Structures are given as structure tokens and as C-alpha cells.
Amino acid sequence: MLTPSYLADTAPGRGARVEPRSWLHTDAPSLSLNGPWRFRLSPHAALPEDVASPELDDSGWDSIPVPAHWVLEGDGAYGRPAYTNVQFPFPIDPPHVPDENPTGDYRRGFTMPADWPADARVALRFDGVESLYRVWLNGEEVGIATGSRLAQEFDVTGLIRDGANLLSVRVHQWSPASYLEDQDQWWLPGIFRDVTLVARPADGIEDLWLRTGFENGDGTVLPELVAEEAAFPVTLRIPELGVETVWASPAAVAPVAVGGVEPWTAETPRLYEATVEAQGETATLRLGFRTVEIRGDRFLVNGRRVVFHGMNRHETHPERGRVFDEQHAREDLARMKRFNVNAIRTSHYPPHPRLLDLADELGFWVILECDLETHGFETAGWARNPSDDPAWREAYLDRIRRTVERDKNHPSIVIWSLGNESGTGTNLAAMSAWVHARDPERPVHYEGDYTGEYTDVYSRMYSTIPETEQIGTDGSLAPLLGCTPAQGARQRTKPFILCEYAHAMGNGPGALDQYDELTRRFPRLHGGFVWEWRDHGILTETADGTPFYAYGGDFGEVVHDGNFVMDGMVLSNDEPTPGLHEFAAVVQPLRFAFDGGDLIVENDRHTADTADLALRWRVEHDGRTVASGVLDAPVVAAGSGARIPLPAVEVAADAETWLTVDAVLAADTAWAPAGHVVATAQHDLSAALPLPATVLPSGWRTGDGTLTLGPAEFEGGRLVRLGGRAVSGPRLELFRAPTDNDEGAAFSDPTGSDASVPGVSSASLWRQQGLDRLTRRLVSVEEAPGALRTIERVSAANAARTVTVETVWAIAGDALELRVEIEPSAGWPSVWPRIGVRFDIPDAGDPIAGAEWFGTGPLESYPDSMRAAQVGRYSASVADLSVEYARPQETGHRSAVRTLDIGPFALEVLPDARGRRAGFSLGRHTPQQIAAAGHPHELPETESTVLILDAAQHGLGSRACGPDVWPTHALRPEARTLRVRIRA
Ligand code: GAL
């Protein structure tokens with residue numbers, strides 16, 4: 001038997017498919033066909049059509065829930081998920097797919113409700129099926145559809161029966177459509193969204209679009225109603241606005257002007273309930289009044305420039321995959337709001353339709369993206385790319401129609417996007433032309449249109465800081481990706497967005513503040529969308545039952561892209577990463593400056609004033625609150641500022657004095673309780689504190705180094721006990737478990753503005769140089785009264801470069817001072833991950849519980865991700881000091897520590913001669929152990945705690961898929977001094 005011919009057909013479908021229309025909330029009767037279905041999986045697509053037959057006995061089949069992905073059901077009995085980014089998991093032979101094509105047959109019976117209007121047509125709606133499905137009702141073919149994340153209705157009026165009906169669906173995992181759905185995500189076949197039977201009353205509403213506009217307090221409703229004559233008269237009501245308009249006939253449907261409306265914006269998601277009552281059906285919508293436009297190089301809503309502080313959002317759930325879980329999605333959106341996210345790009349397909357209701361309601365600017373990506377063709381230089389092949393034109397147009405028509409009523413959607421990473425070509429231009437004709441208001445986006453031939457906004461992903469700056473600069477002819485200078489000039493006439501930036505894979509990204517600063521400086525730059533909101537880990541377990549979040553390769557895929565699917569601001573278990581906290585701090589809607597005794601507040605919001613916020617202040621001496629209150633602040637309008645007098649601050653003579661101002665929600669909102677911190681600023685008012693003089697003992701003579709100095713005991717020049725505990729160290733540590741960005745090699749800024757060697761990851765250079773396997777040789781041990789000094793030479797096997805480490809221990813009043821001088825030899829070639837020293841503290845039945853510190857916190861921070869770090873007094877358990885990234889890597893560094901107490905001993909960390917302070921990390925593993933683990937559960941059980949004091953750390957960057965660490969935050973080999981005073 002041959003594979004059926006429709007599996008080589010580029011047409012989007014066939015049969016009783018009906019025209020796409022809005023996904024409306026109406027009172028027309030409907031019947032959910034979600035629930036258990038009979039299910040049978042075959043490994044190939046060449047199958048008899050028995051699935052359709054009412055005679056077939058399916059009593060031996062399995063039962064599967066709808067909606068679900070079959071690879072996530074049945075404990076592996078139905079295959080496993082597979083993850084690829086760009087790669088196609090099948091030969092690139094369009095439009096053909098392999099015979100090995102997992103095919104799921106679904107069947108279920110249902111009873112036609114007896115009370116549906118007799119003259120109503122009946123539609124069968126599928127909201128999402130991956131990737132091609134063929135439908136039969138009562139043994140008769142209904143049709144075929146593709147477009148996995150697009151709704152499709154079939155007209156089944158002629159096939160449906162009173163009483164019992166049999167619905168059969170055959171779903172093929174691979175189809176020609178798979179070539180158009182090469183998004184960077186798991187391949188997850190099955191009926192994964194709702195299936196619904198919908199009555200279509202003859203005198204009902206076939207389609208409805210209530211476009212709105214807003215200008216200076218006046219709203220308009222531009223109605224478009226598709227309905228038969230029988231549906232009229234039709235009444236539009238907006239009770240809150242006193243609108244009641246009756247349209248007697250189709251010709252009477254006309255715009256309605258409404259005065260006194262409040263605008264809809266992402267900050268003020270004001271919705272007005274509207275009903276449209278036809279004779280046989282009433283639709284209920286929530287209207288948001290807003291006007292979208294491009295004026296010159298500005299993207300405006302209601303006449304004001306929009307700045308996107310956005311996230312790319314995939315539909316992903318650790319147990320359900322792309323099956324929509326409304327509660328989970330709502331919680332995620334509320335989380336976005338709490339972290340100052342104001343925009344969503346629905347990468348790279350329309351989400352479940354309810355998601356857009358939530359976006360309207362909670363308030364987000366949405367770029368709604370079509371279900372399209374053909375990235376795998378890039379590997380072969382875009383040869384045979386469907387985007388420029390007329391054979392696929394209808395498939396492309398069908399996709400964009402179904403995208404726009406389904407969601408056109410949502411005020412949150414302000415831009416349509418044609419898709420992602422599909423090269424360029426005539427079919428994309430055709431999609432754009434169709435959108436322009438259908439929706440004259442909302443601009444068209446597509447990143448791959450580098451030269452700007454058919455899109456309205458200029459969009460890029462991962463452009464570097466210098467390049468992004470060039471885009472913002474007027475009159476610059478500096479080259480833009482893929483453009484001649486002339487094409488670049490055309491692109492500079494448009495609003496610019498970063499549809500993706502700041503790749504949030506693992507520990508990172510760095511440099512969020514630099515991008516934000518550009519957006520403030522150049523009004524043409526409208527912000528962007530972090531890649532991406534959350535990790536796509538799939539909860540699974542090891543053979544011995546240990547649960548973990550799987551990524552590519554964990555299910556034995558033939559080709560896969562490893563943990564590139566774990567690049568979110570939120571971990572698979574919903575935990576926000578430090579990167580998300582950094583984002584929230586960088587894009588916070590209020591900007592503060594301290595000027596003498598005043599606080600200057602700038603409200604950077606689009607529309608909302610500050611009436612919803614209270615300004616709390618507190619003064620801390622060495623992190624302990626000594627005074628606090630609420631500022632008497634005026635309401636500041638969006639786009640303006642105010643100068644607010646600050647209370648008199650008592651500056652301590654012997655402690656650091658910090659003033660912190662928090663803008664907090666004054667009342668509960670739908671997404672956060674009163675008191676939630678929206679924006680923060682800290683002001684250092686410390687009096688100059690004298691730096692304790694370095695203890696420089698004299699009278700050195702060679703000794704055997706076995707002695708006791710204050711809380712420390714030494715044998716042979718090496719520390720063995722501290723504060724009564726066995727402790728070893730300090731040991732030079734130049735290695736950190738490479739972050740995903742350290743392992744990245746793809747990007748290297750051609751302007752040379754970054755720290756990287758083109759095509760080579762920093763981590764591979766570190767390993768080449770042996771930074772992960774340093775060995776040491778004690779060169780000398782000397783003693784002086786109350787002091788011990790050692791010199792060590794540190795290097796790696798087969799390496800000639802060295803680092804000399806001089807360690808001086810000396811009694812200093814009531815403390816023991818440790819000074820470590822780290823001196824690299826000439827010729828170290830690359831950046832270093834860290835310059836630190838490590839102490840190992842064996843548990844001996846009493847593991848270190850945690851740390852209490854005065855310094856920055858509460859979370860980890862790195863040189864290019866410092867904005868969320870606040871100076872204060874913090875404590876955390878050892879476990880809570882590390883972040884469980886999907887692939888273990890460097891984590892936990894707290895910058896600029898002043899004091900650190902870990903139980904048996906406490907450290908006072910002194911700044912170096914240039915005022916630079918060390919940071920610390922405290923965990924259960926060495927960097928080498930962390931680097932060896934692929935997943936958190938692979939980290940070994942250990943019997944000691946590892947304390948690392950870092951004189952310096954390298955920045956984070958986002959080179960996993962973006963620019964490397966900016967030079968000023970890159971750590972070049974250099975001499976460093978660490979100074980701490982230790983007390984037991
Ligand atoms: C982009 C792409 C995203 C994702 C990202 C890397 O090129 O549009 O879908 O693959 O790179 O994580």
C-alpha cells in the first residue's frame with residue numbers, strides 16, 4: 001500500500017472546510033467533543049480507511065483524552081516527544097514525508113442534541129491538530145485540514161444524524177504542512193486543542209468584527225457583520241456607554257460614535273461589554289477602544305509611542321505540552337505583569353484563543369504571529385523554500401486568513417506577524433498584501449523581510465548593541481543585515497522592534513540594560529521581546545523514578561538540539577529566573593534620580609499615571625532599617641515627572657547608609673496584591689568609611705607552616721581547620737561551570753565590540769587552557785610573628801602559563817586577615833570565567849546550613865546583570881543560593897559582599913585598593929562537578945560545602961544565541977587582590 005496522495009499535496013486541505021471567521025462567544029448551541037476517544041496508533045500512514053467505518057469494532061482500542069498529544073500519553077506506548085530547533089526530523093524532500101509516519105486513529109460517538117434549531121447548519125470545529133487530519137462523520141468523508149495551531153471548521157450539516165453519530169479522525173504526525181511548521185520546539189502530534197460541534201442558526205451571526213478606534217476620549221465602533229437577511233434586525237448594545245443601536249438590514253450596519261470612553265491600553269485594559277443580538281444568535285464581546293497607527297518611524301497607539309517590554313511566548317506546559325491549561329496560562333500572564341512585561345509575541349503561531357481574552361483583560365500589547373516557519377530550508381541555502389514557491393501560495397494564504405479572521409476582534413493585538421524564519425519570497429509578500437487589504441489598521445511584521453519589501457515595521461533578532469544603535473541613528477548608512485545602504489535607508493524610515501533579543505538560555509542574559517538604554521535614546525527603537533518566556537522542559541523520570549525536566553535527546557531522538565529548548569526567563573517548574581528579576585528592574589515603568597534632598601520621578605508609562613502607586617522609603621544602616629515611611633507624592637502623568645522632597649536621612653558614622661525607594665501597588669490588582677513592588681531605586685548616602693590598613697607583618701623566615709593563628713589551624717602551610725571546623729583552601733579557582741552563553745559560539749560581533757573569538761566558544765578556550773584542571777605547587781612557606789605566608793604556582797597539564805598566588809594570613813586585632821594576591825604570568829590569551837579562591841568545608845555530620853550576608857541580593861548577580869541586585873542584608877539556605885537551571889551551570893554568585901556569616905565562621909570582605917568588592921557563592925558542588933552534569937539529577941551527592949570568593953567574575957552576555965559579553969564586563973586576565981577578615 002502506498003502512502004495516501006494527500007500526504008504529498010501542498011494544498012491546505014479539502015472537503016467541507018468553511019471560511020475562517022472570528023472565534024466568538026455566542027449563545028448558539030454547541031457541544032464539546034473533548035473527553036475520552038478511542039485511539040489506535042500505527043507506525044506508518046499507508047492504512048486502510050477502516051477508521052471511518054461504522055462497522056469497525058474498536059472495542060479493543062485504547063482510550064486517549066482529547067485534547068492531548070499522544071506522545072505525552074500512555075507512558076511511552078505511543079512514542080516520545082522529539083525536539084529540534086532548525087533541523088527537520090525527516091529528509092528534506094518537499095512536499096514528501098517518510099512512510100514511517102506515526103498515524104493516530106481517533107473515534108468517538110456522540111448524540112446530536114435534540115433541541116438544536118432544526119434549520120441551523122452544523123459546524124464541526126477543530127482548534128488545533130498536529131499536523132494533518134482527515135475527518136469522517138458516520139463513515140462519510142468530511143474533509144482534510146492542516147495548520148496545526150489554526151482553527152478549522154467543517155460544515156457537517158448534510159452528514160449529521162439525529163441521535164447517535166460516529167466521528168472518526170485520522171491524524172498524521174508528518175505531512176507537507178510539517179515543512180511549514182519547523183518552529184524551534186517539541187514535535188507533539190495529536191488533537192491537542194478542543195473539538196466542538198457548533199450550531200450555526202440560519203438567522204444567526206456568521207461572522208462579526210467590531211473594530212474600535214479611540215481619539216481624545218471619543219470612541220468609534222466600526223462594525224462588520226456577516227449574516228443572512230433573516231438575522232435582522234440586529235441590535236448592538238454597549239450598556240455601560242448607553243449604546244443601543246438597531247440595524248434593520250445588512251445595509252444599515254454602520255459605524256457608531258461613542259463619547260466619554262476610556263481607552264484600552266496594555267496598562268489600562270479597560271474593556272466594555274458589548275452584545276450583538278441577531279434574531280437567532282447573540283454574541284458577547286469585550287471592546288477595548290484603541291487606535292493603532294504608524295506615523296513616520298513611530299509606532300503609536302492612541303497617538304502615543306509604544307515601547308515593548310515583551311516576551312516571546314510559546315504554548316508549553318511541562319506535562320501537557322501545547323495543550324492549553326487556562327489556569328496555568330492565566331497565572332503565567334499574571335506573572336508577566338508582576339515582572340513588568342507589557343507585551344507578548346505569540347511565537348510562532350496563534351495561541352489557544354482564550355489566551356487572547358486573557359491578554360485583553362490583563363493588558364498586553366500583542367504581536368499575533370501566524371503558524372509558519374520553514375527554517376530547515378536555510379541549511380541548504382533556502383533551496384526549495386516554500387516561501388518562494390507558487391505551489392505553496394494557497395497554503396500560505398490559508399494560514400494567514402485563518403490567523404487574522406479568528407482573532408481580529410482582540411484589542412490587545414496591535415501587530416500581525418506573518419510567521420518566523422521562513423526565508424523570504426513571494427508567498428510572504430502575498431500574505432502581507434492580504435492582511436493589508438483585510439485589516440488596514442494593524443501593521444504587518446515579519447523579521448525575515450530584512451530589506452523591507454512587504455512589511456511595515458523593521459524587525460530584527462539578536463542584533464548587537466552597536467548595530468541596534470546604528471539602526472536608531474538618523475542618516476547612518478552603516479550596513480544593516482542583508483541590506484544595501486539604500487535598502488538600509490528605507491528600513492530606517494520605519495519603527496524598529498527587536499522581535500527577539502536577550503536569549504535567556506540558562507544563566508543570563510546580560511546587557512538587558514544596554515538595550516533598554518538604546519530604546520530610551522532613539523525613539524525609532526520600540527523595545528523588543530526577550531527570547532523567551534519559559535523553558536519547554538517536559539516532566540519525565542529516570543529509570544529509577546527520579547523526576548526531571550527533559551530536553552532534546554532525553555527521549556532518544558535521532559536528531560535533536562539538546563537543551564536549546566530551555567531558554568526561558570521562567571524555569572519549567574514556573575520559577576522565575578534571576579534573569580527575569582533583572583528584566584523587571586531594567587524595564588520598570590518609573591525612573592528615579594536623587595538630587596540633593598529630592599527624589600526625581602519620571603513616569604515612563606504609555607498612558608497610566610501613578611495614582612495606583614505609593615512610594616515607600618526606608619533608610620538602612622549596614623542593611624538594618626533605621627527609619628521608613630511613605631512619601632507624600634503627587635500623581636505623575638504618563639510621560640512626565642515630578643520632584644519630591646525626601647525625608648532627612650541620618651547618615652551613620654560607622655556603617656553604610658542606604659536610602660531605598662519602592663514604588664508599590666496601592667491596591668490589589670488582578671495580577672498582584674497591594675504592596676507589590678513595581679519599581680525601585682537605591683541611593684548610597686554612606687559617609688566615607690576608612691578602609692582598614694593592610695597588615696604587613698615583617699620578620700619573615702622560612703617555616704614548616706604548622707601553627708595556629710586565631711581561629712585558623714595550619715599544617716605544612718595549608719589551612720586545615722577554621723572556627724573549629726575542618727576547612728581546606730584557599731585554592732585558586734579560575735573556572736566556572738560554563739553557562740549556556742559561555743558554550744555559545746554562533747555569534748561574534750563583526751564590529752569587534754564583544755569579547756569573543758569568532759566561531760569559538762569561551763568555554764572551549766577555557767578547557768583548552770586547562771582552567772578546569774589547575775594543579776598547584778607550593779613554592780615557599782614562611783612565618784612571621786602572628787603571620788603565615790605561602791607562595792604557590794598554579795598551572796595546568798601541558799601548559800606553560802602560570803598564576804602565582806601569594807597568601808598572607810596575619811592577626812589583625814580581633815580578627816585574622818587573609819590576603820590573597822593573584823598574579824597571572826604573561827600571555828594568557830582569552831577572557832577568564834572568574835578570579836577566585838575556593839574553600840571546601842567537609843560536612844563532618846554537620847553540613848553548613850546557609851549564609852547570612854550584607855552585600856547585594858537577594859539573588860545572584862553578574863557584572864552585566866546587576867540591576868536587580870540591591871544592597872541589603874540577606875540570608876538563604878545553601879540550596880536556595882543556587883538556581884536549578886535545566887542544564888547545571890554557573891550559578892549563585894552574589895556580587896559585592898561586605899560581610900558573610902556561614903555558621904562556624906564569618907568573613908568581613910574588604911574592598912581592594914580600587915574599591916572593588918569580591919562576591920561569593922556557596923553550594924554543594926565544585927565548578928568541575930557542575931560542569932560534568934547534564935541535568936540537575938546527575939549532580940553527585942557530596943559530603944562538603946564549597947565556598948568560593950571571587951575577586952571578579954566574567955559577565956553573562958547572551959552568546960548562546962546573540963552577542964557575547966560586552967568588553968567592559970568581560971574579565972580579562974589581570975592581577976587581583978582578595979582581602980577578608982575572619983572571625984570564628
Ligand atoms: C530564533 C528563533 C526562535 C528560537 C531562537 C533560539 O532564531 O526565531 O524560534 O529558535 O532563535 O532559541
Side-chain angles (χ1 to χ4, degrees), residues 82-89 148-149 180-188 308 310-316 322 344-351 367-379 382 385 387 417-424 428 445-450 455 459-464 467 481-482 497-509 528-537 551-553 559-572 577 579 739-741 743-747 761 885-887 956-964:
Y83 164 61
T84 60
N85 170 14
V86 178
Q87 309 183 72
F88 282 115
S148 297
R149 300 107 206 168
L180 310 185
E181 295 178 2
D182 190 27
Q183 291 95 337
D184 175 5
Q185 60 179 349
W186 295 99
W187 298 91
L188 296 173
F308 296 106
M311 291 287 156
N312 278 281
R313 180 187 179 278
H314 263 284
E315 300 236 274
T316 176
R322 281 188 284 281
I344 294 171
R345 171 176 177 235
T346 69
S347 52
H348 305 295
Y349 43 81
I367 297 187
L368 198 281
E369 193 150 276
C370 183
D371 188 0
L372 179 69
E373 174 159 342
T374 67
H375 205 173
F377 288 93
E378 188 177 19
T379 320
W382 294 109
N385 181 20
S387 299
S417 176
L418 305 179
N420 187 57
E421 295 187 316
S422 300
T424 190
L428 290 157
H445 165 272
Y446 172 64
E447 186 265 350
D449 181 26
Y450 296 126
T455 47
S459 171
R460 287 283 305 281
M461 47 174 80
Y462 311 112
S463 56
T464 62
E467 212 182 350
L481 182 77
I497 62 171
L498 282 158
C499 70
E500 295 176 26
Y501 80 112
H503 195 257
M505 186 177 184
N507 188 344
F529 297 77
V530 167
W531 187 268
E532 67 177 303
W533 171 243
R534 57 185 302 138
D535 282 1
H536 299 215
Y551 52 72
V559 294
H560 67 82
D561 289 295
N563 66 323
F564 213 62
V565 76
M566 309 296 245
D567 47 8
M569 284 281 196
V570 174
L571 302 178
S572 301
T577 62
T739 64
D740 293 309
N741 294 313
E743 294 284 6
F747 282 68
S761 74
Y885 294 111
R887 185 188 66 79
L956 298 172
S958 58
R959 204 182 176 204
C961 183
D964 202 351

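These numbers come from a predicted model, not from an experiment. In each ligand, atom 1 is the first atom listed, and ligand 1 is the first ligand listed. Counting from 1, the numbers follow the sequence of the chain as shown.
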Worksheet item: Regarding Arg345 and Asn312, is there a side-chain donor-to-acceptor distance under 3.5 Å anywhere?
Response: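 Looking only at side-chain atoms, Asn312 and Arg345 do form a donor-acceptor pair, the distance falling under 3.5 Å.
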
Practice prompt. For the residue pair His348 and Trp531, categorise the inter-ring angle as parallel (less than 30°), tilted (30 to 60°) or perpendicular (more than 60°).
Written response: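 Rings of His348 and Trp531: parallel, under 30°.
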
Worksheet item: Does the distance from a Lys or Arg side-chain N to an Asp or Glu carboxylate O, for Glu467 and Arg460, drop under 4.0 Å?
Response: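 Arg460 and Glu467: salt-bridged.
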
Fill in: Between OG1 on residue Thr374 and CG on residue Asn385, distance to nearest 0.5 Å
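Nearest 0.5 Å value for the OG1-CG distance: 3.5 Å.
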
Where does ligand 1 get N/O contacts under 3.5 Å from the protein, atom by atom?
unit_1: ligand 1; atom_1: 7 (O); unit_2: Glu421; atom_2: OE1; d: 3.3
unit_1: ligand 1; atom_1: 7 (O); unit_2: Glu421; atom_2: OE2; d: 2.4
unit_1: ligand 1; atom_1: 8 (O); unit_2: Asn420; atom_2: ND2; d: 2.8
unit_1: ligand 1; atom_1: 8 (O); unit_2: Glu421; atom_2: OE1; d: 3.1
unit_1: ligand 1; atom_1: 8 (O); unit_2: Glu500; atom_2: OE1; d: 3.1
unit_1: ligand 1; atom_1: 8 (O); unit_2: Glu500; atom_2: OE2; d: 2.6
unit_1: ligand 1; atom_1: 9 (O); unit_2: His348; atom_2: NE2; d: 2.6
unit_1: ligand 1; atom_1: 10 (O); unit_2: Asn85; atom_2: OD1; d: 3.4
unit_1: ligand 1; atom_1: 10 (O); unit_2: Asp184; atom_2: OD2; d: 2.4
unit_1: ligand 1; atom_1: 12 (O); unit_2: Asp184; atom_2: OD2; d: 3.4
unit_1: ligand 1; atom_1: 12 (O); unit_2: His503; atom_2: NE2; d: 2.7
unit_1: ligand 1; atom_1: 12 (O); unit_2: Trp531; atom_2: NE1; d: 3.0
unit_1: ligand 1; atom_1: 12 (O); unit_2: Asp567; atom_2: OD2; d: 2.8

Worksheet entry | Audit row: Trp533, His314, side-chain contact (heavy atoms from CB on, under 4.5 Å) steps and yes/no | CA-CA 8 Å; Trp533 171 243; His314 263 284; over 6 Å; no

Worksheet item: Is the backbone of Trp186 close enough, under 3.5 Å, to the side chain of Arg322 for a donor and an acceptor to pair up by distance?
Response: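 Indeed, once roles are kept as given, a pair shorter than 3.5 Å links the two residues.
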
